[in-house]
Number of protein chains: 2
Amino acid sequence: MPAQDTREQIVEAADRLFYEQGFDTTSFADIASVVGLSRGNFYYHFKTKDEILDAVIDRRLAVTRAMLNAWQAGAETPKARIMSFVRILIANRAKIMSHGCPVGTLSSELAKLDHASRDKAAAVFTLFRDFLRRQFAELGEPDADGLALHVLMRSQGVAALATAFRDEAFVDREVAGMERWLDTRCPDTPRN
Amino acid sequence: MPAQDTREQIVEAADRLFYEQGFDTTSFADIASVVGLSRGNFYYHFKTKDEILDAVIDRRLAVTRAMLNAWQAGAETPKARIMSFVRILIANRAKIMSHGCPVGTLSSELAKLDHASRDKAAAVFTLFRDFLRRQFAELGEPDADGLALHVLMRSQGVAALATAFRDEAFVDREVAGMERWLDTRCPDTPRN
DNA sequence: GTCTATAAATAGATAGAC
DNA sequence: GTCTATCTATTTATAGAC
């Protein structure tokens with residue numbers, strides 16, 4: 001198999017395992033086993049665990065950029081685009097109840113490890129933040145960045161409690177609440 | 001030294017280390033080193049790492065109960081008591097920016113490990129939830145539990161983003177936003 | 001109740017054959 | 001590019017002296 005394909009398979013498997021089990025918990029053996037590789041061959045593709053982590057974050061950055069571009073192109077209004085973001089909580093509800101938000105949990109784990117890639121992991125958040133800020137700016141909001149952080153904050157809070165209580169209905173209620181908030185906060189007809 | 005004192009020192013040290021470094025990352029050697037104990041003697045007090053975790057969670061439950069009782073006694077109105085909760089985000093801001101919320105991050109780590117004590121860790125959340133629900137009920141809110149979860153959700157979201165972006169001002173703004181929300185959502189003079 | 005010594009398993013990482 | 005074999009460090013955990 002071409003090295004590029006094997007490398008991609010490793011990064012894909014690591015991405016999934018880092019999400020489901022955590023970065024620190026996941027061993028080389030775990031990843032190698034999923035890919036069907038010997039531990040020895042592993043080191044041909046990646047010299048250290050931190051290199052795999054960097055590749056995983058790069059992959060997440062690329063996947064997120066593509067998703068944001070699709071939302072940008074696929075929804076007509078800024079509000080609809082913001083709701084595209086909010087509704088990933090519904091789309092990924094089951095996985096979030098099991099393992100939390102992949103962005104938030106990696107960020108918090110690397111913070112605890114005081115890991116060199118801590119800020120790089122947070123850059124995935126920044127992609128969402130910039131996307132949301134653009135939508136609020138388009139809606140004419142002066143504090144577009146503050147509102148972007150607010151939406152990001154709420155989605156993180158919902159994910160955290162969804163993991164703790166594993167309550168589907170709670171997620172649905174909070175998503176509905178965010179839609180109501182968005183409609184009230186940014187009405188389609190300008191305020192007086 | 002009496003066994004009880006040493007045990008308490010171990011649990012205290014483990015509590016801090018589990019928070020700062022994470023549960024999985026923290027080794028017996030780490031804890032023993034903080035307490036100034038040999039690894040061998042460690043096993044006189046705790047047979048497994050899971051036993052220490054259970055003791056740490058029991059300690060957190062007790063400490064939280066005491067804190068909630070103090071808030072209940074120390075603030076005159078339900079709204080002031082809710083704000084006692086919200087303002088721990090300010091009081092613990094620096095630690096939260098470094099290591100996240102101790103309750104949320106342990107809950108998410110144990111979820112990923114699919115750990116037997118996962119639900120026990122979530123019980124700390126339930127203490128806060130019940131406390132907040134009582135305050136909203138006292139304010140005459142019919143959906144007191146939903147509002148309690150909402151406040152808990154926002155505090156978790158703020159903690160998660162505070163860890164990712166390490167932005168003090170963001171925490172302050174969101175705490176101010178929660179106070180405004182509380183005043184608007186539950187006005188002192190009843191609505192028409 | 002605390003210690004040293006040590007076992008057994010697993011981690012990350014390397015060397016060298018094919 | 002993939003393998004087996006191996007190294008070294010660290011982990012959880014135990015035995016037994018004091």
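Residue numbers start from 1 in every chain, and the chains themselves are labelled A, B, ... in the order their sequence lines are given, proteins ahead of strands.
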| field | Per-nucleotide protein contact string for nucleotides 12-18 of chain C, where B marks a base within reach and S marks sugar-phosphate only (heavy atoms under 4.0 Å, - for neither) | value | SBB----
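- Applying the salt bridge (Lys or Arg N to Asp or Glu O under 4.0 Å) criterion to B:D143, with sequence neighbours excluded, gives no partner residue.
- Panel note: side chain B:D130, backbone B:L127; no donor-acceptor pair is recorded below 3.5 Å.
- Put simply, NE2 on B:H45 is 16 Å from P on D:dT14, counting in whole angstrom units.
- No donor-acceptor pair under 3.5 Å is formed between the side chain of B:Y19 and the backbone N or O of B:L106.
- A:E109 has no carboxylate O lying under 4.0 Å from a charged side-chain N of B:K112, or vice versa, which leaves the two without a salt bridge.
- Separation of the B:F28 and B:Y43 ring centroids falls under the 6.0 Å cut-off.
- Of all heavy-atom pairs between A:F170 and A:A162, the closest is CE2-N, 4.1 Å.
- Of the candidates D:dT2, C:dT4, C:dT2, the closest approach to any side-chain atom of B:S38 belongs to C:dT4.
- When atom types are taken as modelled, the side chain of A:D30 and the backbone of A:S27 share a donor-acceptor pair closer than 3.5 angstrom.
- Near DNA chain D, defined here as any heavy-atom distance below 4.0 Å, there are no residues from residues 10-18 of chain A.
- Between B:L110 and B:A121 the shortest heavy-atom distance is CD1-CB, 3.7 Å.
- Taking atom OH of B:Y44 as the reference point, atom C1' of C:dC3 lies 14 Å away to the nearest angstrom.
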